[in-house]
Amino acid sequence: MRDVRGLLELARAVHGRRAGIASAIATGSGLSLEGVELGFASLERDATDSQLRALVVAAGDAERVHVVLSANVFVAPFRAIALARAAATHVTVRPSPRDPALARALLEEAAGSCDDSLALAEDRDVASVAAGEVHVYGRAATIAAVRSRVRPGVAVRGHGPGMGLAVVSRDASLDAAADALALDVVAFDQRGCLSPRVAIVMGSPARAEAFAEVLHASLDAFGARVPRGQLQTDERADASRWRETLAFAGHVWDAKDHAVGLAPEGSPLLIAPAGRHVTVVPMSTRAAVIEAVAPVARFIVAVGSDDLEALEGLVPSHARRSALGAMQRPPLDGPVDRRSA
């Protein structure tokens, strides 16, 4: 088993000097400085032996790995590098040109600790990779482009777009569930594949409406402490379309830094866009949940709930399951996305 525990020392060192790179991360990611500080709480800095063994098993074995990073979640480079290092003794990393700060900081720490197994390769074309694997993170089109350019015999492991889903049980305290879900939504301004975009509330439409109201209040309070960062042009356009659709079919609670939409019972799941937008939908039966989730199951990477046992048979088996409020901090036991690459 390859020893990847030393990588955690790099993460702890970068976390310790986070103030020095926070401004660069805010500029690259679009997050507010408060959002960057919140995001650093999700940087993996510890793991159990069993979790690291699971990481190594999930990584497999490769002659060498070249990692192509995306810019959606600024702490994601650490897990990507850890997975690559668990697979191979030689790893090269191409950071996202839009948000390279954390990847560079990790590799600087590696160089300072004389770890020559990790190297920065900002200008490397995947067509120059002669052997081993390419791990690529990002949009489906990015992954397809990498697959089209690699040499024969070079494997590509793609980690594409996805989303999170929240399920609020019949017995949940609506206030507690809303406060916890707000944390999952605010982290990274909802741009990661672990970020919940839809909240299914078990019970009546009136109960879902009550939850939407308290979630709106929770997000409002959170926004006062952690302002939302800048939205990109396409994100603003997506948000406008989402609002218009829900305003016509349901109800929208709108605020400066977020919006909560209530969809009618029985309607298809309307996936909210990034930027602290959540679609709340009532579901009266487990059968209704299964039917509603089926069309989007392949996109679901993570599910959060106050009742994890009740998720069995309800959501895709590949999805990570976490308590509400902990969706953005999964254990370091493999890739975040457990769907087939």
Side-chain angles (χ1 to χ4, degrees), residues 162-187 190 194-223 242-255 258-273 276-328:
M163 57 168 272
L165 173 73
V167 179
V168 180
S169 76
R170 293 180 186 275
D171 298 326
S173 160
L174 296 187
D175 287 341
D179 286 344
L181 178 58
L183 174 58
D184 293 324
V185 170
V186 168
Q190 210 181 19
L194 298 174
S195 299
R197 307 290 189 89
V198 176
I200 293 173
V201 179
M202 301 303 299
S204 67
R207 188 167 188 266
E209 182 175 359
F211 178 77
E213 289 178 344
V214 294
L215 178 60
H216 170 59
S218 294
L219 287 169
D220 208 36
F222 225 126
W242 172 82
R243 282 188 181 90
E244 290 170 2
T245 300
L246 276 176
F248 176 78
H251 183 76
V252 177
W253 289 261
D254 211 346
H258 75 269
V260 177
L262 178 65
E265 184 176 19
S267 61
L269 295 186
L270 180 62
I271 309 305
R276 305 189 188 182
H277 304 99
V278 184
T279 302
V280 175
V281 57
M283 296 279 174
S284 56
T285 66
R286 287 176 59 87
V289 176
I290 294 169
E291 181 179 358
V293 168
V296 297
R298 67 187 184 280
F299 300 113
I300 296 176
V301 173
V303 180
S305 181
D306 61 285
D307 185 354
L308 298 182
E309 291 184 2
L311 296 178
E312 192 63 37
L314 199 66
V315 297
S317 58
H318 64 253
R320 283 187 173 273
R321 302 174 190 185
S322 306
L324 291 174
M327 293 179 68
Q328 303 281 6

State the CG-CG distance between L215 and D220, to the nearest 0.5 angstrom.
11.0 Å
Do you know the tightest heavy-atom contact between V303 and A319?
CG2-CB, 3.9 Å
Euclidean distance, L246 CG relative to W253 CH2, rounded to 0.5 Å:
10.0 Å
Do V293 and I200 have side chains that get closer than 4.5 Å, going by heavy atoms?
yes
Name all pairs fulfilling the side-chain hydrogen bond (donor to acceptor under 3.5 Å, both in side chains) condition that reach into residues 318-328, sequence neighbours left out, sorted by first residue then second.
S195-Q328, E312-R321, R320-D333
Contact check, side chains of T245 and L270, non-hydrogen atoms, under 4.5 Å
yes
Using modelled atom types and a 3.5 Å cut-off, is there a donor and acceptor pairing between side-chain atoms of R170 and backbone atoms of M202?
no
Roughly how far, to the nearest 0.5 Å, is the CZ atom of F211 from the CG atom of D175?
10.0 Å
Atom of V281, atom of V198 and distance for their closest heavy-atom approach:
CG1-CG1, 4.1 Å
Determine the minimum heavy-atom distance between V280 and V260, stating which atoms define it.
CG2-CG1, 3.8 Å
Show me the donor-acceptor pairs within less than 3.5 Å that the side chains of residues 177-184 make with the rest of the protein, sequence neighbours left out.
from, atom 1, to, atom 2, distance (Å)
D179, OD1, S218, OG, 2.6
D184, OD1, A326, N, 3.4
D184, OD1, M327, N, 3.0
D184, OD2, G325, N, 2.6

Work out which heavy atom in A247 is nearest to a heavy atom in V252; give both atom names and the distance.
N-CG2, 3.7 Å
Under 3.5 Å: donor-acceptor pair, side chain of E265, backbone of S204
no
Can you tell me how far the CZ atom of R197 sits from the CD atom of Q190, to the nearest 0.5 Å?
5.5 Å
Taking all atoms of both residues into account, what is the closest heavy-atom pair of A172 and V168, and its distance?
CB-CG1, 3.7 Å
Donor-acceptor check, side chain of S305 to backbone of L308, threshold 3.5 angstrom: yes or no?
no
Are M283 and L269 close enough that some pair of their side-chain heavy atoms sits under 4.5 Å apart?
yes
Compare every heavy atom of T279 with every heavy atom of A263, then report the nearest pair and how far apart it is.
CB-CG2, 4.1 Å
Taking C-beta and beyond as the side chain, do P282 and R207 meet within less than 4.5 Å on heavy atoms?
no
Between the side chain of R243 and the main-chain N/O of D254, is any donor-acceptor distance below 3.5 Å?
no
Could you tell me the separation between the OG atom of S169 and the CG atom of L311, rounded to the nearest 0.5 Å?
9.5 Å
With side chain to side chain contact (heavy atoms under 4.5 Å, CB included) as the criterion, how do M163 and I271 come out once you've worked through the C-alpha distance, each side chain's angles and the decisive distance to 0.1 Å?
CA-CA 9 Å; M163 57 168 272; I271 309 305; 3.7 Å; yes
